[in-house]
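Heavy-atom basis, side chains included; hydrogens, waters and symmetry copies ignored. Order of the sequence lines fixes the chain letters, A, B, ..., with proteins taken first and strands second; residue numbering starts at 1 for each chain.
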Amino acid sequence: MAKIRFYLLDITYKVKEGKPVIYMFGRTADGKQVCVIDDSFRPYFYIIPRKGEDIREKVEKVYAEKKDERYEVTGVELAKKKFLENEVNALKVFVSLPKGVPQIRDVVKDWDAVKSCHEYDILYVRRYMIDKGITPMTLVEAEGEESGERMKIPSIKAEKVEQAGEDTLKEPRVLAVDIETYNPGGRAVDTESNPILMIGLHGKNYNKVITWKTFKTAEKYIEFVKSELDLISRFKELVNEYKPDIITGYFSDGFDFPYINARAKKYKIQLDIGLDYSELRIKGRNQVQASITGIVHVDIFKFILRSFGRGGEIESLDLDTVSEALLGEKKVDVDMEELADVWDHHPEKIEEFCRYNLHDAKLAYMLCMKMLPNMIELVKIVGIPLFDIPRLGYSQLVEWFIIRQAPNFNEICMERPHYDEVRERRQKTFLGGFVYEPKPGLYNDIAVFDFRSLYPTIIASHNISPGTLNCECCVEKELAPTEEGKYWFCKKKKGFIPTIIEDLITRRMRIKEMMGKDGKKDPMLVAREQSLKLLANSFYGYLGFFNARWYSLESAKSVTAWGRFHIQRVIEKAKDEGFSVIYGDTDSVFLALDGKKTDDAVKFVEKINRKLPGVMELEFDGYYPSGLFVSAKMGDAGAKKKYALLGEGGEIEIKGFETVRRNWSFVAKDVQKDVLKIVLKDNDPKKALKYVKKMINDLRDHKVPVEKVVIHTQLQKEIGDYASVGPHVAAAKLMKNKGIDVGPGTIIKFIVAKGKGRIKDKVKLPEDAKKEDYDPEYYINNQIIPSVDRIFNALGIDSKELTEKASQSKLGSFL
DNA sequence: CAGGGGCGGGG
DNA sequence: GTGTACGCCCCTG
């Protein structure tokens with residue numbers, strides 16, 4: 001019997017002869033692709049019966065039928081488990097097929113003797129990895145013989161499969177894909193009528209663009225084929241030849257792969273790039289996923305979205321902006337609007353677009369390589385396949401981490417909440433972090449402190465979790481300082497959730513120590529440290545998240561209550577020590593040194609830390625020569641984090657602003673951009689204010705050209721299908737009346753004109769509008785003001801003042 | 001004031 | 001696939 005070791009990349013299951021069979025794809029240490037097949041694992045779930053009920057024999061006879069499929073209980077075991085830290089006698093119910101598990105559960109869930117059912121929705125392949133202790137991207141050992149199944153790679157029918165250590169796949173083969181499509185007039189994506197013009201591929205020392213229109217070129221990376229059909233077939237061949245472990249693209253879940261798939265279908269091409277000859281699969285409506293058996297498809301956009309979020313440090317998440325921010329490299333500058341015309345009439349100019357295409361693929365590749373260490377670390381910590389890492393939200397990462405750890409504590413997982421429960425939970429809100437309102441103004445010599453991982457350390461140090469909440473053994477000992485309610489957490493026994501979060505915290509501390517010693521930063525360690533932090537920080541949100549299995553409002557409330565308690569103590573002590581407090585929010589405090597030295601700040605931190613419980617710790621975050629703080633009460637929603645700091649290197653850091661959206665008028669976009677520029681670069685709020693006032697006056701005087709007030713909105717469906725007629729639908733109707741063909745995807749351009757009634761009644765088409773027509777008040781109040789409101793707020797200038805003064809001065813000019 | 005609809009990424 | 005978005009904003013009725 002042969003023994004092999006391989007790094008697990010992809011895992012799936014199929015039903016063969018009525019049995020579920022696990023297929024694991026990976027690469028061996030000597031670089032060969034392999035598939036390991038295991039048919040020994042049976043699906044199951046848990047029943048917790050009511051006390052004194054013996055239903056084992058009754059459960060053994062249960063079966064369910066659905067769509068000509070019969071599912072049976074194949075065995076029942078008594079299982080001594082724990083549920084929320086309490087011992088329970090559960091039944092472990094084995095079922096013939098994974099799909100039968102929820103069916104069987106449906107049969108038994110309403111029995112009087114059944115208290116609850118659990119783990120009936122843990123995906124079969126994940127269940128397999130959890131129970132076997134197998135971690136993707138790391139070394140797995142299998143023993144077995146050649147299976148004889150039809151595969152592109154050798155396959156082993158395994159007798160035995162086990163984790164072989166933490167050794168991780170060092171250099172996965174990554175191939176990036178990007179397509180360019182025919183798209184005259186910048187219409188919505190239309191896979192039916194618009195062909196793919198070229199496909200760009202980039203890998204290590206590998207550059208290729210395939211296209212189906214010939215032109216003279218000296219570029220070796222360009223390859224010509226005869227038609228779009230040949231293009232897709234050639235793409236298939238190239239993927240097979242390259243044998244990637246990972247295929248990546250930018251928004252490739254949402255665009256490139258669905259597009260390639262649709263075009264392949266049109267030509268009836270089998271897109272069987274899976275290592276088992278299975279076809280590319282596109283699934284999901286809202287959240288589209290493209291997957292290939294045996295090859296991990298990483299949509300790097302998704303991971304970047306999750307890592308940096310919208311409205312974060314990166315202004316926009318399009319490939320150009322993201323590449324510049326993360327790689328210092330922009331896209332090739334071409335006018336995409338021209339592509340269709342170039343394709344039809346100027347083939348000699350196509351090469352420019354090939355360059356663009358290849359470069360996009362290269363950027364996606366580089367972004368993937370840059371983020372890969374972080375994704376791999378998350379795989380190793382959470383234990384789910386690489387494919388899922390970019391596609392799961394924070395809460396699901398936490399949840400799968402807990403699910404994976406649960407068996408180590410013999411814990412049965414909680415159920416997912418049902419719809420009504422979710423709806424109820426969504427209504428509930430609770431008090432968040434403590435905010436020390438800053439006195440507006442400019443400050444010098446600012447020291448910033450924050451609690452290292454405040455909420456995670458509170459959960460660990462105060463033993464907060466649904467399982468340790470209000471235990472019978474410690475009634476009312478050390479109540480959480482909540483505003484209302486009496487919550488305490490077991491003082492005798494550490495809960496399993498606090499234990500695993502403390503483990504995350506201590507692992508991270510060890511890594512930080514290691515990195516500190518060396519001085520040089522190993523990128524792998526940085527990635528691990530960041531991933532541990534990310535996961536630990538997500539626990540608090542998870543406890544208060546309405547879709548969470550281990551949702552616990554009491555726990556979430558207690559976490560923020562202890563947070564407020566500790567930050568307020570720091571603020572009190574800082575005042576006692578003679579610092580003046582500028583601003584504080586949740587886990588951070590901004591102090592003015594007031595003549596003290598940074599050494600005094602360091603000593604202050606040490607003093608605080610001596611008295612903090614458990615793993616809690618205050619850190620000295622940094623020194624800033626100056627900063628502007630703002631009282632930023634926004635309605636009764638409470639204060640929002642808003643400040644601008646000048647760093648020692650002269651860089652300006654702004655927190656708490658939003659960016660404009662695509663469907664705003666140019667005038668709003670321009671004003672926001674310019675105001676930011678003036679404020680950040682010239683550090684001159686008055687100049688910015690003056691600039692906006694001038695723009696407002698220009699609008700009132702109709703000096704702003706019509707193009708600048710055009711609003712662009714995309715029509716999403718046929719005009720008749722709209723239940724409510726918004727401004728853009730009203731404009732679409734005007735277009736239709738003029739005989740223009742409008743439908744889903746058409747960009748509707750309109751302006752809001754003077755007149756009475758609702759906005760939709762004041763809509764005009766740009767070509768029918770003159771400068772005098774647009775409604776200045778609409779553009780001032782609905783476009784200009786909202787776009788700069790938050791910026792001026794942060795600078796201590798009320799934007800209402802802005803209009804009032806502007807209108808007064810306007811009034812003045814009439815008098 | 002509730003609820004419908006658009007947006008993002010891609011071309 | 002033993003599962004699926006989401007949070008924010010504007011506008012209408």
Go through DNA chain B and write down every stem, that is, every run of at least three consecutive Watson-Crick or G-U wobble pairs with distances under 3.5 Å, as range with range. B:1-8 with C:6-13
Do A:N537 and A:Y394 have side-chain N/O donor and acceptor atoms under 3.5 Å apart? no
Counting the atoms with a prime plus P, OP1 and OP2 as sugar-phosphate, which does A:S252 contact under 4.0 Å by heavy atoms, base, sugar-phosphate, or nothing? nothing
Find the distance A:K283:NZ to C:dG3:C1' and express it as a whole number of Å. 10 Å
What is the nucleic acid contact for A:I179, judged by heavy atoms within less than 4.0 Å: base, sugar-phosphate only, or nothing? sugar-phosphate
With respect to the phosphate group of B:dG6, does any side-chain polar atom (N or O) of A:H728 fall under 4.0 Å of OP1 or OP2? yes
Heavy-atom contacts under 4.0 Å between residues 333-341 of chain A and DNA chain B, which residues? A:M336, A:L339
Which part of the nucleic acid, if any, lies within reach of A:K14 when heavy atoms closer than 4.0 Å are counted: base, sugar-phosphate only, or nothing? nothing
With a 4.0 Å cut-off on N to O distance, would you call A:E192 and A:K266 a salt bridge? yes
With sugar-phosphate meaning primed atoms plus P, OP1 and OP2, does A:L317 contact a base, only sugar-phosphate, or nothing at under 4.0 Å between heavy atoms? sugar-phosphate
Can you confirm whether the side chains of A:T293 and A:T12 place a donor and an acceptor under 3.5 Å from each other? no
Provide a list of protein-nucleic acid N or O atom pairs under 3.5 angstrom, restricted to nucleotides 11-13 of chain C.
residue	atom	partner	partner atom	Å
C:dC11	OP1	A:Y778	OH	2.9
C:dC11	OP2	A:N782	ND2	3.2
C:dT12	OP1	A:K760	N	3.0
C:dG13	OP1	A:K760	NZ	3.3
C:dG13	OP2	A:R758	NH1	2.5

Counting the atoms with a prime plus P, OP1 and OP2 as sugar-phosphate, which does A:N357 contact under 4.0 Å by heavy atoms, base, sugar-phosphate, or nothing? nothing
ring-ring contact (aromatic ring centres under 6.0 Å, His included) against A:Y46, all qualifying residues, sequence neighbours excluded: A:Y44
Pick out which of A:Q396, A:E399, A:R549 makes a side-chain hydrogen bond (donor to acceptor under 3.5 Å, both in side chains) with A:Y542. A:E399
Any luck finding a side-chain donor-acceptor pair between A:Y722 and A:K717 under 3.5 Å? no
Do NZ/NE/NH1/NH2 and the carboxylate oxygens of A:E421 and A:R425 come within less than 4.0 Å? yes
Testing the 3.5 Å rule here: is there a donor-acceptor pair between the side chains of A:D276 and A:S278? yes
When you compare the side chain of A:S665 with that of A:Y779, does any pair of heavy atoms fall below 4.5 Å? yes
Give A:Y356 one of three labels, base, sugar-phosphate or nothing, depending on what nucleic acid heavy atoms sit under 4.0 Å from its own. sugar-phosphate
Just how far, in rounded Å, is C1' of C:dC6 from CD of A:Q396? 12 Å
All ring-ring contact (aromatic ring centres under 6.0 Å, His included) counterparts of A:F301, not counting sequence neighbours: A:Y250, A:F251
Pairs meeting criterion salt bridge (charged side-chain N to carboxylate O under 4.0 Å, His left out) with involvement of residues 288-309 of chain A, two or more places apart: A:D253-A:K302
Quick one: label A:D178 by what it contacts on the DNA or RNA (base, sugar-phosphate, nothing), any heavy atom closer than 4.0 Å. sugar-phosphate
Looking only at the side chain of A:E180 (C-beta and beyond, no hydrogens), which of the listed nucleotides C:dG3, B:dG5, B:dG11 gets closest? B:dG11
For C:dA5 and B:dG5, measure between their C1' atoms and round to the nearest Å. 16 Å
Is it true that the NZ or CZ of A:R105 lies under 6.0 Å from the centre of A:F45's six-membered ring and within 45 degrees of the ring axis? no
Distance, rounded to the nearest Å, where A:K717 contributes NZ and B:dC7 contributes P: 13 Å
Give the rounded distance in Å between these two atoms: CZ of A:R306 and P of B:dG8. 22 Å
Between C:dA5 atom P and A:N547 atom CG, what is the distance in whole Å? 9 Å
